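Remarks on the structure that follows.
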There are 2 protein chains.
Amino acid sequence: MTRMSAAERRAALTEAALRVVSREGLAQATTRAIVAEAGMSLASFHYAFESRDELIDELIGVVVARERKAIAVDELAAAAEQGASLGDLLEAGMLRYFEHLREDPEHEQAMLELTQYALRSPERHPLAIAQYARYVDLLVEALAAAAELTGTTWRLPVDQVARVLVAFSDGLTITWLVDRDDAAAARVAAAAADAVSRMADPR
Amino acid sequence: MTRMSAAERRAALTEAALRVVSREGLAQATTRAIVAEAGMSLASFHYAFESRDELIDELIGVVVARERKAIAVDELAAAAEQGASLGDLLEAGMLRYFEHLREDPEHEQAMLELTQYALRSPERHPLAIAQYARYVDLLVEALAAAAELTGTTWRLPVDQVARVLVAFSDGLTITWLVDRDDAAAARVAAAAADAVSRMADPR
DNA sequence: TTGCAACTGGGTCAATTGTCCCAGTCACGG
DNA sequence: CCGTGACTGGGACAATTGACCCAGTTGCAA
């Protein structure tokens with residue numbers, strides 16, 4: 001194994017862990033499976049991390065920090081120029097998220113498993129809260145831009161609107177992961193966009 | 001340990017397993033933890049079940065079969081008599097589900113974990129599909145009754161409407177399990193009811 | 001009452017898994 | 001070029017866990 005700094009090694013192990021969790025599930029992400037995926041020896045693992053739990057905790061932090069908004073603001077702007085309504089923008093955003101989900105279902109499944117893992121112990125619960133707070137933050141930005149571009153105003157604080165949209169996206173995710181029904185997911189996206197767009201008034 | 005028939009024993013073990021999974025999570029539901037919860041010896045476990053997996057599979061079947069609709073039809077009728085709109089009925093239904101969630105969050109968390117477990121292997125995936133099909137079935141009944149009582153007609157096949165509502169309920173569940181924000185959950189319930197009620201027309 | 005099959009308790013086993021250790025080896029600053 | 005400390009490979013270990021086994025025991029039918 002080539003030499004690398006402690007930071008690089010931690011990062012490499014974290015990436016390997018994410019791949020294993022995505023592919024085989026959190027329960028199968030043993031220290032041995034992770035080092036095998038990373039092409040290292042067990043000793044390297046415990047040189048970089050105190051314990052498996054420490055790695056999983058770091059993994060959650062990493063994937064959460066890496067979450068990107070599904071809708072880029074300039075894309076929103078382009079659509080708005082063409083006279084799209086707020087509802088149109090939201091639906092396009094939902095469909096874009098769905099596209100992302102279809103491209104890498106295992107990743108979203110892994111995120112869900114990590115959330116449930118975090119929910120299971122009081123000291124890790126904050127990780128789950130941070131994860132969802134991050135989701136809300138990303139959507140707050142997009143929702144504020146969308147309202148701005150379509151000349152509308154949110155009747156509620158934007159973060160409350162975002163919180164609703166996070167719930168809808170999550171529901172879309174789980175149900176689709178179960179039945180893989182694309183048309184049904186599209187209907188969920190449309191209904192969610194519709195409901196949320198009604199939380200704004202024209203300015 | 002008192003004597004009991006194989007069927008009773010299987011049932012007792014299944015109940016014990018559900019309690020362990022709810023309280024400590026699926027990962028902690030080892031054969032030993034389950035028999036301890038049931039007050040049996042390990043031998044009894046393997047007398048009643050071939051393997052732990054067989055019990056978990058049965059557990060999924062049992063909890064799914066036991067799912068009851070959150071809204072009783074006669075309750076719907078009473079509300080409709082008082083002039084409630086379809087949207088009102090749906091929102092009341094969502095809030096009632098939420099009440100149920102608040103009363104026993106661990107049970108819903110267990111259901112979610114069982115779904116994810118089923119999703120992780122091809123031969124168990126059908127269990128997850130059956131689980132969600134059951135959710136849809138329960139809602140189909142309620143939605144059909146609600147439309148009937150309010151003199152409206154679903155523009156889409158009822159099961160498609162139900163499928164959307166299942167997604168919304170699931171989203172409400174996960175996000176609330178994470179942040180325990182009652183007000184936010186109520187907003188999700190209202191938005192979901194609103195969106196779904198727009199899928200019907202007056203007759 | 002008696003025979004027996006259903007059932008149970010307690011122990012055992014192999015496999016898995018998290019963690020650790022130690023003898024080496026390699027990169028790099030002096 | 002060399003010493004040293006960072007790093008690695010391979011092995012070891014205890015704990016956990018799913019599965020199993022067997023010698024008993026007990027309820028019940030005849």
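The structure displayed is predicted, hence computed values, not measured ones. The sequence lines fix the lettering, A, B, ..., with proteins before strands; numbering per chain opens at 1.
In this structure, the CD atom of A/E54 is 11 Å from the P atom of C/dC20, given to the nearest Å. The separation between A/R10 atom CZ and D/dC7 atom P is 13 Å, rounded to whole Å. B/R52 places its CZ atom 10 Å from the C1' atom of D/dT17, with the value rounded to the nearest Å. As rounded to whole Å, 15 Å separates atom C1' of C/dA6 from atom CE of B/M40. Per the geometry, CD1 belonging to A/I34 stands 12 Å off C1' belonging to C/dT17, to the nearest Å.
Interface residues of residues 16-29 of chain B facing DNA chain C, ordered by number: none; criterion, heavy-atom separation under 4.0 Å.
Residue A/S41 has its side chain nearest to D/dG9 when only D/dG9, D/dG18, C/dG18 are considered. Checked against C/dC20, C/dC7, C/dC13, the side chain of B/Y47 finds its nearest nucleotide in C/dC7. Listed candidates were C/dG18, D/dG9, D/dT17. Nearest to the side chain of A/A43 is D/dG9. The side chain of A/L42 lies closest to D/dG11 when the candidates are D/dA19, C/dG9, D/dG11.
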In a table with atom names and distances, give each donor-acceptor pair under 3.5 Å that connects a side chain of residues 27-38 of chain A to protein atoms at least two apart or in another chain.
{"residue": "A/T30", "atom": "OG1", "partner": "A/A33", "partner atom": "N", "Å": "3.0"}
{"residue": "A/E37", "atom": "OE1", "partner": "A/R23", "partner atom": "NH1", "Å": "3.2"}
{"residue": "A/E37", "atom": "OE1", "partner": "A/R23", "partner atom": "NH2", "Å": "2.7"}
{"residue": "A/E37", "atom": "OE2", "partner": "A/R19", "partner atom": "NE", "Å": "2.7"}

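Neither side chain, B/W154 nor B/D201, offers a donor N or O lying under 3.5 Å from an acceptor on the other. Residues A/Q131 and A/Y135 have side chains that bring a donor and an acceptor to within less than 3.5 angstrom of each other. B/S85 and B/D88 are linked by a side-chain donor-acceptor pair at a separation below 3.5 angstrom, with hydrogens and angles left out of the test.
With rounding to the nearest 0.5 Å, the separation of CG in B/L119 from NE2 in B/H125 is 5.0 Å.
For CD of B/E50, the number of neighbouring non-hydrogen atoms (other residues, nucleotides, ligands) closer than 6.0 Å is 12 at most.
Between B/F45 and A/R32, the one whose closest nucleotide on DNA chain D sits nearer the 5' end is A/R32.
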